[in-house]
Amino acid sequence: MPAPPVPSRAVAPGGAPSAELVTRLVETVSAWFDVHARDLPWRRPECSAWGVLVSEVMLQQTPVVRVEPVWREWLKRWPDAAAFAAAEPADVLRAWGRLGYPRRALRLHECARAIVERHGGEVPDDESLLRALPGVGEYTAAAVRAFAFGRRSVVVDTNVRRVLARTLSGTALPPPHPTAAERELARSVVPGFVVPGSDDAAARWAAASMELGAVVCTARSPRCGECPVAGLCAWRAAGYPGDEHTGRRRTQAWHGTDRQARGRIMALLRDAVGPVPLEAIEALEADRAQLTRCLTSLLTDGLATEDPRPDPPTYSLPSR
DNA sequence: AATTCGGGGTT
DNA sequence: AACCCAGAATT
(Lines give C-alpha, C1' and ligand atoms only; values in the text may rest on other atoms or scores of the structure.)
Protein backbone atom coordinates (compact mmCIF):
# COMPACT_ATOMS: atom_id res chain seq x y z
CA MET A 1 0.00 0.00 0.00
CA PRO A 2 1.55 3.33 -1.08
CA ALA A 3 2.17 6.00 1.54
CA PRO A 4 -0.29 8.89 1.46
CA PRO A 5 1.00 12.10 -0.12
CA VAL A 6 2.73 14.47 2.27
CA PRO A 7 1.43 18.05 2.29
CA SER A 8 4.08 20.68 1.73
CA ARG A 9 3.38 22.12 5.14
CA ALA A 10 2.51 19.29 7.49
CA VAL A 11 1.99 21.60 10.43
CA ALA A 12 0.25 24.94 10.28
CA PRO A 13 2.01 27.69 12.24
CA GLY A 14 0.90 27.26 15.83
CA GLY A 15 -0.95 24.08 14.94
CA ALA A 16 -0.24 20.51 15.93
CA PRO A 17 0.75 17.70 13.57
CA SER A 18 -1.59 14.73 13.26
CA ALA A 19 -1.16 11.88 15.71
CA GLU A 20 -0.57 9.56 12.79
CA LEU A 21 2.28 11.63 11.42
CA VAL A 22 3.84 12.06 14.86
CA THR A 23 3.68 8.34 15.53
CA ARG A 24 5.31 7.54 12.22
CA LEU A 25 8.06 10.10 12.79
CA VAL A 26 8.83 9.01 16.33
CA GLU A 27 8.76 5.29 15.67
CA THR A 28 10.83 5.49 12.49
CA VAL A 29 13.52 7.71 13.96
CA SER A 30 13.63 5.67 17.17
CA ALA A 31 14.01 2.42 15.24
CA TRP A 32 16.76 4.00 13.16
CA PHE A 33 18.51 5.08 16.36
CA ASP A 34 18.49 1.53 17.70
CA VAL A 35 20.65 0.52 14.76
CA HIS A 36 22.74 3.62 14.07
CA ALA A 37 23.40 5.21 17.44
CA ARG A 38 27.01 6.21 18.00
CA ASP A 39 28.72 4.35 20.80
CA LEU A 40 29.37 7.32 23.07
CA PRO A 41 30.71 6.62 26.58
CA TRP A 42 27.98 8.60 28.34
CA ARG A 43 25.39 6.42 26.62
CA ARG A 44 26.77 3.19 28.07
CA PRO A 45 24.50 1.51 30.63
CA GLU A 46 27.28 1.58 33.21
CA CYS A 47 27.57 5.37 32.95
CA SER A 48 26.37 7.12 36.10
CA ALA A 49 23.93 10.02 36.25
CA TRP A 50 26.89 12.16 37.23
CA GLY A 51 28.70 11.07 34.08
CA VAL A 52 25.67 12.04 32.01
CA LEU A 53 25.47 15.43 33.70
CA VAL A 54 29.16 16.09 33.08
CA SER A 55 28.73 15.20 29.41
CA GLU A 56 25.75 17.50 29.00
CA VAL A 57 27.57 20.48 30.48
CA MET A 58 30.64 19.83 28.35
CA LEU A 59 28.44 19.47 25.28
CA GLN A 60 26.89 22.90 25.74
CA GLN A 61 28.24 24.52 22.57
CA THR A 62 31.18 22.13 22.22
CA PRO A 63 31.10 19.32 19.60
CA VAL A 64 31.11 15.65 20.61
CA VAL A 65 34.52 14.85 19.10
CA ARG A 66 36.23 17.42 21.27
CA VAL A 67 34.32 16.52 24.42
CA GLU A 68 34.85 12.77 24.39
CA PRO A 69 38.56 12.56 25.32
CA VAL A 70 38.22 15.22 28.00
CA TRP A 71 35.15 13.50 29.44
CA ARG A 72 37.01 10.18 29.68
CA GLU A 73 39.90 11.66 31.64
CA TRP A 74 37.49 13.68 33.76
CA LEU A 75 35.43 10.67 34.89
CA LYS A 76 38.56 8.65 35.50
CA ARG A 77 39.93 11.37 37.75
CA TRP A 78 36.66 12.39 39.43
CA PRO A 79 34.25 9.42 39.27
CA ASP A 80 31.43 11.11 41.18
CA ALA A 81 30.12 14.47 42.34
CA ALA A 82 31.75 14.22 45.76
CA ALA A 83 35.19 13.53 44.32
CA PHE A 84 34.87 16.41 41.90
CA ALA A 85 33.50 18.76 44.55
CA ALA A 86 36.75 18.30 46.48
CA ALA A 87 38.93 19.28 43.52
CA GLU A 88 40.98 22.48 43.32
CA PRO A 89 39.46 25.05 40.94
CA ALA A 90 42.83 25.44 39.22
CA ASP A 91 42.91 21.71 38.51
CA VAL A 92 39.35 21.88 37.23
CA LEU A 93 40.23 24.64 34.78
CA ARG A 94 43.34 22.83 33.58
CA ALA A 95 41.38 19.63 33.05
CA TRP A 96 38.74 21.61 31.15
CA GLY A 97 41.51 22.60 28.76
CA ARG A 98 40.32 24.17 25.55
CA LEU A 99 36.70 23.08 25.57
CA GLY A 100 35.78 26.76 25.65
CA TYR A 101 33.52 28.81 27.90
CA PRO A 102 35.56 27.95 31.01
CA ARG A 103 32.88 29.47 33.23
CA ARG A 104 31.05 26.20 32.55
CA ALA A 105 33.83 24.37 34.38
CA LEU A 106 33.42 26.56 37.44
CA ARG A 107 29.64 26.19 37.30
CA LEU A 108 30.03 22.42 37.12
CA HIS A 109 32.22 22.62 40.20
CA GLU A 110 29.57 24.65 42.04
CA CYS A 111 27.03 22.18 40.74
CA ALA A 112 28.91 19.25 42.26
CA ARG A 113 29.13 20.98 45.62
CA ALA A 114 25.41 21.72 45.51
CA ILE A 115 24.69 18.08 44.71
CA VAL A 116 26.76 17.01 47.69
CA GLU A 117 25.17 19.53 50.02
CA ARG A 118 21.57 19.32 48.89
CA HIS A 119 21.27 15.78 47.59
CA GLY A 120 23.83 13.70 49.44
CA GLY A 121 26.06 13.45 46.40
CA GLU A 122 23.40 11.94 44.12
CA VAL A 123 22.18 13.71 40.98
CA PRO A 124 18.47 14.49 41.47
CA ASP A 125 15.90 13.36 38.90
CA ASP A 126 13.41 16.10 39.69
CA GLU A 127 13.04 18.82 37.09
CA SER A 128 12.97 21.76 39.48
CA LEU A 129 15.84 20.42 41.58
CA LEU A 130 17.93 19.96 38.46
CA ARG A 131 17.10 23.44 37.21
CA ALA A 132 18.22 24.87 40.54
CA LEU A 133 21.75 23.55 40.00
CA PRO A 134 24.40 25.94 38.63
CA GLY A 135 24.90 25.55 34.89
CA VAL A 136 21.76 23.47 34.44
CA GLY A 137 19.19 25.18 32.21
CA GLU A 138 16.06 23.99 30.48
CA TYR A 139 17.84 21.76 28.00
CA THR A 140 20.32 20.16 30.38
CA ALA A 141 17.69 19.38 33.01
CA ALA A 142 15.52 17.68 30.41
CA ALA A 143 18.48 15.80 28.95
CA VAL A 144 19.63 14.47 32.33
CA ARG A 145 16.13 13.32 33.16
CA ALA A 146 15.88 11.47 29.86
CA PHE A 147 19.39 10.09 29.49
CA ALA A 148 20.36 9.41 33.10
CA PHE A 149 16.99 8.34 34.46
CA GLY A 150 14.96 7.27 31.43
CA ARG A 151 12.22 9.74 32.34
CA ARG A 152 9.83 11.48 29.98
CA SER A 153 10.93 15.03 29.25
CA VAL A 154 10.91 17.54 26.45
CA VAL A 155 14.46 17.67 25.17
CA VAL A 156 14.89 20.58 22.78
CA ASP A 157 18.42 21.19 21.63
CA THR A 158 19.70 22.63 18.37
CA ASN A 159 19.45 19.20 16.71
CA VAL A 160 15.86 18.53 17.74
CA ARG A 161 14.84 22.03 16.72
CA ARG A 162 16.28 21.48 13.26
CA VAL A 163 14.76 18.02 12.82
CA LEU A 164 11.30 19.27 13.79
CA ALA A 165 11.63 22.42 11.70
CA ARG A 166 12.41 20.36 8.63
CA THR A 167 10.23 17.29 9.02
CA LEU A 168 7.13 18.96 10.46
CA SER A 169 7.31 22.70 9.75
CA GLY A 170 8.92 22.37 6.34
CA THR A 171 11.58 25.03 6.90
CA ALA A 172 15.31 24.77 6.30
CA LEU A 173 16.20 25.91 9.80
CA PRO A 174 14.43 26.84 13.01
CA PRO A 175 14.16 30.50 14.05
CA PRO A 176 17.40 32.10 15.33
CA HIS A 177 16.15 31.89 18.91
CA PRO A 178 13.93 29.18 20.41
CA THR A 179 10.26 30.15 20.49
CA ALA A 180 7.29 29.06 22.58
CA ALA A 181 5.79 27.52 19.44
CA GLU A 182 8.85 25.31 19.02
CA ARG A 183 8.68 24.09 22.59
CA GLU A 184 5.00 23.34 22.16
CA LEU A 185 5.65 21.45 18.94
CA ALA A 186 8.47 19.52 20.60
CA ARG A 187 6.21 18.64 23.52
CA SER A 188 3.43 17.49 21.20
CA VAL A 189 5.63 14.82 19.61
CA VAL A 190 7.03 13.35 22.84
CA PRO A 191 5.42 9.97 23.49
CA GLY A 192 3.08 10.19 26.47
CA PHE A 193 1.96 13.80 26.17
CA VAL A 194 -0.34 14.03 23.16
CA VAL A 195 0.29 10.70 21.51
CA PRO A 196 0.46 7.67 23.81
CA GLY A 197 3.80 6.25 24.91
CA SER A 198 5.93 5.16 27.83
CA ASP A 199 8.73 7.00 29.61
CA ASP A 200 11.16 4.70 27.87
CA ALA A 201 9.74 5.60 24.48
CA ALA A 202 10.01 9.31 25.33
CA ALA A 203 13.63 9.00 26.44
CA ARG A 204 14.43 6.96 23.35
CA TRP A 205 12.87 9.61 21.11
CA ALA A 206 14.91 12.31 22.83
CA ALA A 207 18.17 10.52 22.08
CA ALA A 208 17.05 9.47 18.60
CA SER A 209 15.91 12.90 17.44
CA MET A 210 19.13 14.48 18.66
CA GLU A 211 21.20 11.82 16.97
CA LEU A 212 19.37 12.23 13.67
CA GLY A 213 20.04 15.96 13.76
CA ALA A 214 23.68 15.45 14.68
CA VAL A 215 24.50 12.77 12.13
CA VAL A 216 22.02 12.95 9.23
CA CYS A 217 19.82 16.04 9.39
CA THR A 218 22.83 18.33 9.77
CA ALA A 219 22.78 22.09 9.45
CA ARG A 220 25.10 22.46 6.47
CA SER A 221 24.65 19.58 4.07
CA PRO A 222 22.00 17.15 5.28
CA ARG A 223 22.34 13.52 4.18
CA CYS A 224 18.76 13.10 3.08
CA GLY A 225 19.76 9.97 1.19
CA GLU A 226 20.43 8.27 4.50
CA CYS A 227 17.48 9.73 6.34
CA PRO A 228 14.87 7.26 7.61
CA VAL A 229 12.11 9.87 7.51
CA ALA A 230 12.92 11.52 4.18
CA GLY A 231 9.60 10.14 2.98
CA LEU A 232 7.58 12.19 5.43
CA CYS A 233 9.80 15.28 5.58
CA ALA A 234 7.83 18.46 4.90
CA TRP A 235 10.95 20.40 3.97
CA ARG A 236 11.88 17.82 1.35
CA ALA A 237 8.31 17.64 0.07
CA ALA A 238 8.33 21.42 -0.34
CA GLY A 239 11.47 21.24 -2.50
CA TYR A 240 14.01 22.33 0.11
CA PRO A 241 13.07 26.01 0.37
CA GLY A 242 15.88 28.26 1.65
CA ASP A 243 16.23 29.64 5.13
CA GLU A 244 13.79 32.49 5.74
CA HIS A 245 15.94 33.90 8.51
CA THR A 246 19.17 34.05 6.55
CA GLY A 247 20.89 37.39 6.75
CA ARG A 248 19.33 38.21 10.09
CA ARG A 249 21.68 35.86 11.86
CA ARG A 250 24.38 37.57 13.84
CA THR A 251 27.81 36.65 12.66
CA GLN A 252 29.73 36.32 15.86
CA ALA A 253 33.04 38.08 15.59
CA TRP A 254 36.19 36.47 16.92
CA HIS A 255 39.43 38.17 15.86
CA GLY A 256 40.30 41.02 18.16
CA THR A 257 37.39 40.40 20.50
CA ASP A 258 37.50 40.31 24.27
CA ARG A 259 36.56 36.65 24.08
CA GLN A 260 39.67 35.88 22.12
CA ALA A 261 41.81 37.96 24.48
CA ARG A 262 40.30 36.27 27.54
CA GLY A 263 40.97 32.91 25.94
CA ARG A 264 44.61 33.81 25.38
CA ILE A 265 45.03 34.89 28.98
CA MET A 266 43.39 31.72 30.24
CA ALA A 267 45.65 29.60 28.05
CA LEU A 268 48.65 31.39 29.49
CA LEU A 269 47.50 30.81 33.06
CA ARG A 270 46.65 27.16 32.39
CA ASP A 271 50.06 26.42 30.94
CA ALA A 272 51.99 28.37 33.57
CA VAL A 273 53.77 26.48 36.33
CA GLY A 274 53.54 29.29 38.85
CA PRO A 275 52.07 32.79 39.12
CA VAL A 276 52.25 34.83 35.91
CA PRO A 277 53.59 38.38 36.12
CA LEU A 278 51.51 41.14 34.57
CA GLU A 279 54.26 41.79 32.03
CA ALA A 280 53.89 38.30 30.61
CA ILE A 281 50.19 38.92 30.05
CA GLU A 282 50.83 42.29 28.46
CA ALA A 283 53.18 40.53 26.07
CA LEU A 284 50.13 38.91 24.46
CA GLU A 285 50.17 42.03 22.26
CA ALA A 286 46.56 43.03 22.43
CA ASP A 287 45.99 46.65 23.29
CA ARG A 288 46.48 47.68 26.90
CA ALA A 289 42.90 48.75 27.57
CA GLN A 290 41.57 45.45 26.31
CA LEU A 291 43.96 43.39 28.42
CA THR A 292 43.07 45.36 31.52
CA ARG A 293 39.39 44.99 30.77
CA CYS A 294 39.71 41.24 30.19
CA LEU A 295 41.89 40.66 33.22
CA THR A 296 39.36 42.47 35.40
CA SER A 297 36.49 40.44 34.01
CA LEU A 298 38.39 37.18 34.53
CA LEU A 299 38.95 38.14 38.18
CA THR A 300 35.26 39.00 38.52
CA ASP A 301 34.29 35.65 36.99
CA GLY A 302 36.54 33.79 39.40
CA LEU A 303 38.58 32.39 36.52
CA ALA A 304 41.78 34.04 37.76
CA THR A 305 43.22 35.42 40.98
CA GLU A 306 45.56 38.35 41.53
CA ASP A 307 48.43 38.69 43.96
CA PRO A 308 48.96 42.46 44.26
CA ARG A 309 51.94 42.21 46.61
CA PRO A 310 54.75 41.87 44.10
CA ASP A 311 55.45 44.66 41.62
CA PRO A 312 54.29 43.96 39.00
CA PRO A 313 51.39 41.91 40.41
CA THR A 314 51.02 38.25 39.43
CA TYR A 315 48.06 36.21 38.23
CA SER A 316 47.11 32.56 38.65
CA LEU A 317 44.26 30.15 38.20
CA PRO A 318 42.02 30.26 41.28
CA SER A 319 42.49 28.10 44.38
CA ARG A 320 39.93 27.46 47.04
C1' DA B 1 14.57 39.95 23.86
C1' DA B 2 19.33 40.86 23.40
C1' DT B 3 24.23 40.06 25.01
C1' DT B 4 27.95 37.75 26.68
C1' DC B 5 30.76 33.86 26.99
C1' DG B 6 35.78 29.87 23.64
C1' DG B 7 37.61 27.43 20.43
C1' DG B 8 38.31 24.60 16.57
C1' DG B 9 36.86 22.03 12.57
C1' DT B 10 34.19 22.48 8.15
C1' DT B 11 32.66 24.75 3.98
C1' DA C 1 35.88 34.45 6.28
C1' DA C 2 31.56 32.67 7.69
C1' DC C 3 29.23 29.07 9.86
C1' DC C 4 28.33 25.64 13.23
C1' DC C 5 28.43 23.21 17.62
C1' DA C 6 23.62 18.19 22.98
C1' DG C 7 23.21 26.39 25.98
C1' DA C 8 23.15 29.16 30.33
C1' DA C 9 23.21 33.35 32.83
C1' DT C 10 22.74 38.08 32.90
C1' DT C 11 20.88 42.50 31.68
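In what follows, chains are A, B, ... by sequence order, proteins preceding strands, each numbered from 1.
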Could you check how far [atom1] of [X] sits from [atom2] of [N], rounded to whole Å?
X: A:R43; N: C:dA6; atom1: CZ; atom2: P; answer: 11 Å
X: A:H177; N: C:dC4; atom1: NE2; atom2: P; answer: 13 Å
X: A:L93; N: B:dG6; atom1: CG; atom2: P; answer: 11 Å
X: A:R183; N: C:dG7; atom1: CZ; atom2: P; answer: 15 Å
X: A:Q260; N: B:dG8; atom1: CD; atom2: C1'; answer: 12 Å
X: A:R262; N: B:dG7; atom1: CZ; atom2: C1'; answer: 14 Å
X: A:Y101; N: C:dA8; atom1: OH; atom2: P; answer: 13 Å

Give me the distances for all protein-to-nucleotides 9-11 of chain C N/O pairs that come in under 3.5 Å?
residue : atom : partner : partner atom : Å
C:dA9   : OP1  : A:G135  : N            : 2.7

If only side-chain N and O atoms count, and only distance matters, is there a donor-acceptor pair under 3.5 Å linking [Y] with [X]?
X: A:D126; Y: A:S128; value: yes
X: A:Y101; Y: A:R107; value: no
X: A:Y139; Y: A:E56; value: yes
X: A:E244; Y: A:T171; value: no
X: A:R43; Y: A:S55; value: no

Going by modelled atom types, is there a donor-acceptor pair between the base of B:dG6 and the side chain of A:R259 at under 3.5 Å?
-> yes
Side-chain donor/acceptor contact of A:R220 with base of C:dC4 under 3.5 Å
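Check fails, no donor-acceptor contact within cut-off.
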Exercise for the section: Provide the full list of ring-ring contact (aromatic ring centres under 6.0 Å, His included) pairs with a residue in residues 187-221 of chain A, sequence neighbours left out, each pair given once. Expected result: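 Non-adjacent pairs meeting ring-ring contact (aromatic ring centres under 6.0 Å, His included): zero.
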| query | Using a cut-off of less than 4.0 Å, is there contact between a side-chain N or O of A:R103 and OP1 or OP2 of C:dA8? | reply | no
- Task: For A:W42, answer base if it contacts any base atom (sugar-phosphate contacts may also be present), sugar-phosphate if it contacts only those atoms, and nothing otherwise; contact means non-hydrogen atoms under 4.0 Å.
- Result: base
Taking the ring centre of each residue, are A:W235 and A:Y240 less than 6.0 Å apart?
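Aromatic pair counts; centres sit under 6.0 Å.
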Under a 4.0 Å heavy-atom cutoff, the residues of residues 59-77 of chain A touching DNA chain B are A:Q61, A:T62, A:P63, A:R66
